[in-house]
Amino acid sequence: MPAEPVSLRPVREDDLPLLERFLSEPETAGPFQWYGYADPRRFRQRWTENRLLGEDGGQLIVAAGTEPLGFVAWRKVVVSASTYCWNMGAQLLPEARGRGIGTRAQLQLVRYLFAHTPVMRVEADTEAENIAEQRALEKAGFTREGVLRGIVFRDGRWRDGVAYSVLRHDPLPADV
């Protein structure tokens, strides 16, 4: 059975309620992305300012057909006075998880960032306990770089993370 087609597109105003769910519903954010309630207006404010596409990062909707299933995002990480890379991630609705959609969306975002920006490196990180995301990143062509001890505070305790990257010249999978 072929993988269901996944696409990335700019955020539209009618997508904002979907994005706001990730900041106001623990079950939508999921166990590794829920950090407590946050101001859901932040997406609307950024959308009004730059449609969630700026020089320092952005967000795109992940869709299967016309159905929005979540988003991918990236932000600039300044490495030196003349160098930066992107740090990226994805969040999907609960019903979209476990179907390979996140893997395909993250691979598409890597291709997009390498095609439209001069960066050498795209980074991603996840909690050490998030085995599904680690597998997704590896399938999307990322290389595991190491463990970041005590990097994130979530749900009352400090947790380790795992750092990944893909470089411009690394081979990317043809399809996942």
Worksheet item: If we only count heavy atoms from C-beta on, is the Phe142 to Val110 side-chain gap below 4.5 Å?
Response: yes
Worksheet, complete the sentence: To the nearest 0.5 Å, atom OG1 of Thr48 lies from atom CG of Leu16 at 7.5 Å
Worksheet item: Is the backbone of Gly89 close enough, under 3.5 Å, to the side chain of Gln106 for a donor and an acceptor to pair up by distance?
Response: no
Practice prompt. Mark yes or no for whether Arg97, through its side chain, and Leu92, through its backbone, hold a donor-acceptor pair below 3.5 Å.
Written response: yes
Worksheet item: Got more than 12 heavy atoms from elsewhere within 6.0 Å of CZ, Arg41?
Response: no
Worksheet item: Pick one: which of Glu133, Gln134, Glu127 meets side chain to side chain contact (heavy atoms under 4.5 Å, CB included) with Ile131?
Response: Gln134
Discussion item. Would you say NZ of Lys76 has more than 12 non-hydrogen atoms from neighbouring residues, nucleotides or ligands within 6.0 angstrom?
Written reply: yes
Item to complete: Measure from the side-chain N and O atoms of Asp125 to the backbone N and O of Val162, and report whether any donor-acceptor pair falls under 3.5 Å.
Response: no
Practice prompt. Calculate, to the nearest 0.5 Å, the distance between atoms CG and CH2 belonging to Leu52 and Trp47 respectively.
Written response: 9.0 Å
Item to complete: Indicate if Leu137 and Val147 have the same hydrophobic cluster label, given that clusters are the connected sets of ILVMFWY residues with side-chain heavy-atom separations under 4.5 angstrom.
Response: no
Worksheet item: Between the main-chain N or O of Val6 and the side-chain N or O of Gln108, is there a donor-acceptor pair closer than 3.5 Å?
Response: yes
Worksheet entry | CG-CG distance between Leu23 and Asp39, expressed to the nearest 0.5 angstrom | 8.0 Å
Discussion item. With clusters defined by side-chain heavy atoms of hydrophobic residues (ILVMFWY) lying less than 4.5 Å apart, directly or transitively, does Val77 cluster with Val119?
Written reply: no
Worksheet item: Would a distance-only check, ignoring hydrogens and angles, find a side-chain to backbone donor-acceptor pair under 3.5 Å from Arg51 to Val11?
Response: no
Worksheet item: Looking only at heavy atoms, what is the nearest atom pair of Ala105 and Val72, with distance?
Response: CB-CG1, 3.9 Å
Fill in: Met120 side chain near His169 side chain, heavy-atom distance below 4.5 Å
yes
Practice prompt. Report yes or no: does Glu49 contribute a side-chain atom to a donor-acceptor pair with the main-chain N or O of Gln45 at less than 3.5 Å?
Written response: no
Discussion item. Between Arg121 and Val79, is there a side-chain heavy-atom distance shorter than 4.5 Å?
Written reply: no
Worksheet item: Which pair of non-hydrogen atoms, one from Ala163 and one from Leu148, has the smallest distance, and what is that distance?
Response: CB-CD1, 4.0 Å
Worksheet item: Looking at side-chain heavy atoms only, is the closest gap between Val122 and Phe114 below 4.5 Å?
Response: yes
Worksheet item: Between Tyr112 and Met88, is any pair of side-chain heavy atoms under 4.5 Å apart?
Response: no
Fill in: Value rounded to 0.5 Å, distance of CG in Leu69 from CD in Glu95
7.5 Å
Discussion item. Any side-chain to backbone donor/acceptor pair from Asp170 onto Leu167? Under 3.5 Å, distance only.
Written reply: yes
Item to complete: On the 0 to 90° scale, with breaks at 30° and 60°, tag the Trp86-Tyr84 ring pair as parallel, tilted or perpendicular.
Response: perpendicular
Discussion item. Please report the interatomic distance CD1(Ile61) to CZ(Arg12), rounded to the nearest 0.5 Å.
Written reply: 8.5 Å
Worksheet item: Looking at CD of Gln91 and CD of Gln33, how far apart are the two atoms once the value is rounded to the nearest 0.5 Å?
Response: 4.5 Å
Item to complete: Would you check if Glu145 and Glu123 make a side-chain contact, meaning some heavy-atom pair closer than 4.5 Å?
Response: no
Worksheet item: For the rings on Phe71 and Phe22, is their centre-to-centre separation under 6.0 Å?
Response: yes
Practice prompt. Taking the side chain as every heavy atom from C-beta outward, state whether Glu4 and Arg104 have any pair of such atoms under 4.5 Å apart.
Written response: yes
Worksheet, complete the sentence: Closest non-hydrogen atoms of Thr103 and Ala136, given as atom of the first, atom of the second and distance, are OG1-CB, 3.2 Å
Worksheet item: Okay, side chain of Arg154, backbone of Pro31: is any donor-acceptor separation there less than 3.5 Å?
Response: yes
Worksheet item: Is the closest side-chain heavy-atom distance between Tyr164 and Glu138 below 4.5 Å?
Response: yes
